[in-house]
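Counting begins at 1 with the first residue of the sequence. Everything numeric here is computed off the predicted structure, so don't read it as measured data. All values below come from the heavy atoms of this structure, side chains included, with hydrogens, waters and symmetry mates left out.
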Amino acid sequence: MWAPGAKRIEAVLERGGVFPLEREAGGYHSGFARGVRVGDRYRLRIDGGDAFADPASRYQPEGPHGPSEVVDPAAFRWTDGDWPGLHREGQVLYELHIGTFTHEGTYAAAARHLRELKELGITCVELMPVNEFNGPFGWGYDGVNLFAPTRLYGTPDELRAFIDRAHALGLGVIHDVVYNHFGPSGNYMARFSPWYTSSRQANEWGDGINFDGEHSAPVREYVACNAAYWIDEFHFDGLRLDATQSLLDTSSEHIVSLIARRARAAAGRRGILLTGENEPQHAELVRDAGLDALWNDDFHHSATAAVTGQSEAYYSETRGTPQELVSAVKWGFLYQGQWYAWQKQRRGTPAFDIPAPAFVTFIQNHDQVANSACGARLHELTSPGRLRAITALWLLAPGTPMFFQGQEWAASAPFTYFASHEDDLNELVRKGRTEFLQQFPNIASADGGPLVAAPSDRAAFERCKLDHAERERGRHAQVLALHRDLLALRRDDPAFCAQDATRIHGAVLGPEALALRWLGAEGGDRLVVMNLGTTLPLLPMPEPLLAPPAGCRWRLLWHTEAPRYGGCGMAEIDTEASWRLPAHSLAVLAPQPFEEEEDDD
């Protein structure tokens, strides 16, 4: 235990027994407690006074305010010895909140649905934070015991069993970790040392963690060890680093680089995937700091504006135009250093050299769904045709796509912000959430404000739980079929599975229409045409990307208007007359040689 100001640290067992730790150089205290058994509960007592949970506790069965429990991290019998891990290319991510993914809200219950995700075409599950946090429910981003999987979802070995089952099915699992702040309740780090946090690096969620100030070396070690711990003891296949823009560090080795280095060392020969959220879009985190990929908010914002018309608050710097969507597919980030009026500063850094799989793309995630007034999902905010079209563009684009739980069948459950603490803290959280959402004029209005549920409302949390029985019913089954077929096309078609943006070129065809051409080898080109507006005749057609390869015409390979997806059918587009792009649709065209057409006749 690092507690440089303490004269004496003791481990106090609840069943009786006190074990003094010896003071070492550098402010550390350590010792060996003989006769302690798995399941024993203990606290660490400081200078004979108050006792608290171990900051490196592996389990908190009564939550962060209770005692720590001794566990044996080597007792679980893994069966994944041949699992190779992950690499960046070819991944399809699925963001999942254990507490609402099933009615039970446990690792064991979630594991029963892993085969469905595999059959859908998912390759990797991304768990929202599972470290211990205060309260009976929450998102997990206010963690306080970073080494302890939360008691709300099961035991540490039940988390291991979830990951082991995923590996058996061929699915990776990565963990969303939060190193930019500690949660507001249950955090006793300051009782051991005030140097764990730094008020000069405060962020919107509280005091930042001390990565570069006085006495920061043990704090850096604590976080780096935590990153390696999840990879080593739980066989996670990587990490997603939350809000890396708030990991403030002027050290010679930035904390992100240290985390990446230690996580990869813990993985050994097993491949891991390290991604990050970075609102300012600093591409150098991939180029220089050791991350594999960054979340691409620009893609989400432009896609949302395109299908909903929303262009306010943080959506105000995108319009969802065809050119924006072409650029997002081709170049990843839309903002790579231009002026960003919403923030009154420049945003982004050049990313032209960053490969397409390094951009994690999404049209829903936990933040974006929750930031609507009542946690509405995208299918509730746009038309079915537009939803199918933007979904197809997203899943065929060369970035690394990420689903949000239930998206694949247009789940009816909302997803709102929820967190439950003590009464006074609940009111502060509610106030902070309300103030944040005031940037949206509709929510700031008298009508919209009451739609936002109090974060501590248990009923609101319960409403967010998915009903997996919906998957096979009516409209939900059609949406599921759309996603399943798109992921098969992405996986099996040589042009799409290559994820090579250098082979993609695009053009604007109309106010809400675009074309994207995937250049393939030996006539393996693919042409994607999307129209989010009214039916669009193309006459004349002075756009070379629309021209088929020599000796060929374009034939429909796949389209969003198939009746099995809830569409109304689609005629061939490439005819001897002018092209006609149906409203609210996307089509994938493949070249067919004229001689094959004659043979068909």
Side-chain angles (χ1 to χ4, degrees), residues 139 203-205 243 245 277-281 295-329 332-348 361-387 389-391 393-394 402 404 407 414-417 429-455 460 508 511-514 530 532-534 584:
W139 278 13
N203 57 55
E204 58 192 295
W205 310 287
Q245 71 275 7
E277 178 191 32
N278 187 262
E279 194 283 332
Q281 301 185 160
W295 279 25
N296 186 353
D297 284 329
D298 284 352
F299 186 97
H300 170 271
H301 297 348
S302 186
T304 300
V307 299
T308 69
Q310 183 172 4
S311 186
E312 56 196 14
Y314 57 75
Y315 291 105
S316 62
E317 301 307 299
T318 53
R319 293 294 183 269
T321 63
Q323 183 58 62
E324 282 181 12
L325 295 173
V326 167
S327 295
V329 169
F333 293 146
L334 294 175
Y335 282 90
Q336 301 191 18
Q338 309 97 297
W339 182 255
Y340 196 69
W342 174 248
Q343 296 176 345
K344 297 181 174 59
Q345 62 183 357
R346 293 182 181 273
R347 179 165 179 256
T361 59
F362 42 86
I363 55 176
Q364 297 184 46
N365 68 27
H366 68 277
D367 276 326
Q368 303 303 339
V369 174
N371 285 349
S372 63
C374 46
R377 293 169 177 269
L378 188 59
H379 71 268
E380 300 175 282
L381 305 175
T382 188
S383 68
R386 285 191 178 101
L387 178 70
I390 202 66
T391 296
L393 181 70
W394 162 58
M402 184 184 72
F404 180 62
Q407 175 182 345
F415 194 78
T416 58
Y417 179 72
V429 171
R430 186 202 62 77
K431 181 180 178 182
R433 181 67 180 169
T434 300
E435 290 175 352
F436 171 78
L437 293 176
Q438 293 298 298
Q439 63 183 293
F440 295 99
N442 65 305
I443 300 178
S445 72
D447 290 333
L451 295 175
V452 181
V508 174
E512 296 183 83
L514 60 85
M530 183 177 77
L532 296 177
T534 60
H584 302 179

Worked check of side chain to side chain contact (heavy atoms under 4.5 Å, CB included) between Gln281 and Leu334: CA-CA 10 Å; Gln281 301 185 160; Leu334 294 175; over 6 Å; no

Can you find a heavy atom in the side chain of [X] that is under 4.5 Å from one in the side chain of [Y]?
X: Thr304; Y: Ile363; answer: no
X: Met402; Y: Trp295; answer: yes
X: Leu378; Y: Thr308; answer: yes
X: Val307; Y: Leu532; answer: yes
X: Tyr315; Y: Gln368; answer: yes
X: Trp139; Y: Asp367; answer: yes

Report yes or no: does [X] contribute a side-chain atom to a donor-acceptor pair with the main-chain N or O of [Y] at less than 3.5 Å?
X: Asp298; Y: Ala328; value: no
X: Ser316; Y: Ala313; value: yes
X: Gln336; Y: Gly348; value: no
X: Gln364; Y: Gln407; value: no
X: Ser372; Y: Val369; value: yes
X: Glu435; Y: Gly432; value: no
X: Arg386; Y: His584; value: no
X: Asn442; Y: Gly448; value: no

Nearest 0.5 angstrom please: [X] [atom1] to [Y] [atom2], how far?
X: Thr318; Y: Tyr335; atom1: OG1; atom2: OH; answer: 7.0 Å
X: Asn371; Y: Ile443; atom1: CG; atom2: CD1; answer: 7.5 Å
X: Arg433; Y: Thr416; atom1: CZ; atom2: OG1; answer: 8.5 Å
X: Trp342; Y: Glu317; atom1: CH2; atom2: CD; answer: 9.0 Å
X: Met530; Y: Glu512; atom1: CE; atom2: CD; answer: 9.5 Å
X: His300; Y: Ile390; atom1: NE2; atom2: CD1; answer: 10.5 Å

Candidate pair Trp339 and Lys344, rule side chain to side chain contact (heavy atoms under 4.5 Å, CB included), full reasoning: CA-CA 7 Å; Trp339 182 255; Lys344 297 181 174 59; 4.3 Å; yes

Ring geometry between Tyr314 and His301 (parallel below 30°, tilted from 30 to 60°, perpendicular above 60°): tilted

Ring geometry between His366 and Phe404 (parallel below 30°, tilted from 30 to 60°, perpendicular above 60°): tilted

Ser327 versus Gln323, side-chain donor and acceptor atoms under 3.5 Å: yes

Gln343-Glu279 side chain donor-acceptor pair, cut-off 3.5 Å: yes

For a quick test of reading the model, state the closest non-hydrogen atom pair linking [X] to [Y] and the distance between them.
X: Ala460; Y: Ala453; result: CB-CB, 3.8 Å
X: Ala306; Y: Gly320; result: CB-O, 3.3 Å
X: Glu324; Y: Ser302; result: OE1-OG, 2.7 Å
X: Gly332; Y: Asn296; result: O-ND2, 3.0 Å

Gln310 and Phe440: CA distance, side-chain angles, deciding distance, side chain to side chain contact (heavy atoms under 4.5 Å, CB included) verdict: CA-CA 10 Å; Gln310 183 172 4; Phe440 295 99; 3.5 Å; yes

